Amino acid sequence: MDTSDLLKQLNPAQQKAVLHGEGPVLVLAGAGSGKTRVITYRIARLLLEKLARPSEILAVTFTNKAAAEMKSRVDQLLGDELPGLWISTFHSACARLLRIEGAPDGIGRHFQIYDTNDQQALIKQVIESLSLNVKIFQPRKMLAIFSQAKNQLQTPDTYKPRFNDWLGDEEQKLFREYQQRLADCGAVDFDDLLLLTVRLLNEKPGLAELYQQRFRYLLVDEYQDTNRAQYEMVRLLAGPRGNVCAVGDEDQSIYRWRGAEVRNILDFERDFPGTQLVKLEQNYRSTGTILRAAGGVIDNNTQRKGKKLWTAAGDGDPIRLIRADSDLEEARMVTGVIREERRTFELDQMAILYRMNFQSRVLEDALRADGIPHKIVAGLSFYERKEIKDLVAYLRVVANPRDDLDLKRIINVPPRGVGKKTVERLEKHAAAGGLTLRQALAEAVEGKAGKARLPAALAELDELLREQSELLEGGAGPADLLEQIVNGTGFAEYIRGFDIAGADRLENVEELLAKAREFEETSSEEEGLSQFLDLVSLVSDSDALDADTPQVRLMTLHTSKGLEFPLVFIVGLEEGVFPIDRGDQDPEELEEERRLFYVGLTRAMKKLNLSWAGRRRIYGQTRYTYEQSRFLTEIPEGCLIDPTPRPRPGHSLPRTTDLSWAPDRRARKMTARRTVGGRTAGGRTAGKNAVDEARQFLANLDIKVEQPAGSPGEAALEPQPGDLVQHPKFGRGRVLQKEGQGEDAKVRVHFNSVGARTLVLRYARLEVLEG
DNA sequence: AGATTACGATTTTTT
DNA sequence: ATCGTAATCT
């Protein structure tokens, strides 16, 4: 194997990228253009031509999956495992570096890595400890804010809250306290890994230089998804030589909401002067029609460098547009097509993509009803499952007794009669003596924490943890420890009675044990429990698509990135669903939605089906579609089979929706007063439930009720969802949603002039034009 | 301590 | 609809 063997398998653009020598190179790799091939071949070439030793190459990706794939393909090319070659995720590269060099801020080499769940638990504690209201300072939102800040390399000190008032002050305090508590626990979160690495390299120029020497060649995958911290890290590691090979596709940047900055890839040539630009535009995945559709759509974006995908393959089939009255019907039509296509495609060659997770439900129901094997991709990954998290928490308590959070997690798992009161007592004792919770527990068991009796099982827990520490000292590995935990706590019995999925959960525990064993066998001498725990926190995708039976894949559009399927469905192509309606119309956000659609379109190899529904149940309420997705109208002429006439953009669709399921207005009023299911309609909520139940009941019966065409006695017709209404200022609009009754009823209306507005019925002089 | 109820929020999720 | 949390009960 030499370089010419490699080059034979590459097109001219790919060769250019692979053969590029010193200095920065930006590879704009369109969907399905052989991006991974370019990266792996480039690594192989650098090694084959002895331009670099394995230890002089650092390739970073975003996911473990991508890293693993890259590694195995490089190994395959060179027919050997390559010691010293770093192909890893940004985060594990950072973790590794920090463990070697020691993290700044006195965090040092020993830290544990908090995942999202740990972060949530911690932030909740912090909010509570500052006596703040969780309704105002929502844990998830706060974490998102801090994460954004950290991704932009902000610390609590440099962080500027969005509002310069009491709220902002508290927010900043919260941020500071959160970081402080992390430090107290000897923990870092995902964002800290990046942030601390950048800080370390910035604060120690000598060190940065050292690593610039060490990693002569840098390769960055999915460059369009880098955030500010990752960008800085790349710059710091590249150094003045700027030996960076950045590979990405600005049109597939779909993680803005998580801090990714498209600008990084758009400005690459400015940031790294002398950049060689390579565009990979030949697509090896999709048909001509699919590429033409995708190209037509993405051409509407402004934030791009511009690429035009082409294929040597033929046009293939046109794209099918499916219009349905309801989400239910949409799902049925999809399964209908699947039944047809089963003759041509295997089930695992098909994927259904949607914007939001809840959309999977109705699809799943329809597939189940038709007996079509299917699987939702994503969901809880292995290490996020409760039983696994619990066991891992035990290990973490043993590995890091400083961390109170993990001990709190397991202190009553399996149940030992420990409640809030007992935990509070322990915490008080810990605070009084400056102890960790673990120490407080030990003292309490010895009777040093007051007279009140402790739950008896706590002594057993203390004993177990002592034994664990001894085992660890004696050189026991994670598998040994786990076995003892499972045996010592009766964990198996506990989870077996957990729920209906008890048996599955038990299997998961066995799998964890197997993984721990495997780790013990494959790891080196000095790698121990904390390396195993790193692995556990940084690796989430263990639910590899194990397909013993072919199954249709269901997933969000985000999850579909990087995958490909011969037959693809994209459902829910309605304004408000995709693109999602967030009230504001931020053009950048819209461009990101469009990129997401582009990602979806380019997943398809042979056939593509797009669908939308006139009405849809969202959060238990029926919402009416006022327009098909604008993205559909961006698909060039001739790509789509469109059985029904297409409305002009910006105009609402002539109503095809069937409203006959809805009980008429009088029926609604009557049922609202009636009691349903033997329950008395007492208070406000009971009344509301009664209405809902009645509605549900009637909907289930599929009662067809004629609309009373302006029946006398109902002078002021109340607008209902789906109605066309006239507003004195905003003009015509379609009612989307209605909430509340009588005096304070509100409606959400989509006006052609100003978009969606929420109006109080009493004041908005709405005239119902068409019900 | 554990069960029950009431209330609110709910895009997307690589690490 | 559904999940998680807080308040309220047994």
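Values below: all heavy atoms of this structure, side chains included; hydrogens, waters and symmetry mates excluded. This structure is a prediction, so every number in the text was calculated from the model and none was measured. Within every chain, numbering begins at 1; the chains are lettered A, B, ... in the order of the sequence lines, protein sequences first and strands thereafter.
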Completion exercise
Atom CG of D225(A) and atom P of dT13(B) are separated, to the nearest Å, by 14 Å
Completion exercise
Comparing S92(A) with M356(A), nearest DNA chain B nucleotide closer to 5' gives the residue M356(A)
Fill in the blank from the handout: So the salt bridge (charged side-chain N to carboxylate O under 4.0 Å, His left out) pairs with at least one residue in residues 87-98 of chain A (sequence neighbours excluded) are none
Completion exercise
Under the rule of Watson-Crick or G-U wobble with both distances under 3.5 Å, where | means paired to another strand and [ ] a crossing pair, DNA chain B maps to ||||||||||.....
Practice task
Figure out the CG/P separation between D327(A) and dA1(C), and round it to whole Å.
Solution key: 13 Å
Handout entry: Contact under 4.0 Å: N64(A) side-chain N or O vs dT15(B) OP1/OP2
Key = yes
Exercise for the section: Please report the closest heavy-atom contact between A66(A) and T61(A), naming both atoms and the distance. Expected result: CB-CB, 4.0 Å
Handout entry: Results of salt bridge (Lys or Arg N to Asp or Glu O under 4.0 Å) for E460(A) - residues two or more places apart only
Key = none
Handout entry: Sub-4.0 Å heavy-atom contacts from residues 127-153 of chain A onto DNA chain C, ordered by number
Key = V134(A)
Exercise for the section: Report yes or no: is the ring centroid of Y619(A) under 5.5 Å from the six-membered base ring centroid of dT10(B), with the two planes under 30 degrees? Expected result: yes
Exercise for the section: Count the heavy atoms belonging to other residues, nucleotides or ligands that lie under 6.0 Å from CD of E424(A), then report whether that count exceeds 12. Expected result: yes
Handout entry: Residue list, side-chain hydrogen bond (donor to acceptor under 3.5 Å, both in side chains) with D365(A), at least two apart or on another chain
Key = R368(A)
Exercise for the section: Report yes if some heavy atom in the side chain of Q252(A) is under 4.5 Å from a heavy atom in the side chain of D225(A); otherwise report no. Expected result: no
Exercise for the section: Answer yes or no: does a side-chain N or O of T559(A) lie under 4.0 Å from OP1 or OP2 of dT13(B)? Expected result: yes
Exercise for the section: Check the angle between the aromatic planes of F631(A) and F578(A) and answer parallel, tilted or perpendicular using the 30° and 60° thresholds. Expected result: perpendicular
Practice task
Under the side chain to side chain contact (heavy atoms under 4.5 Å, CB included) rule, collect the residues that match up with R623(A), sequence neighbours excluded.
Solution key: I618(A), Q737(A)
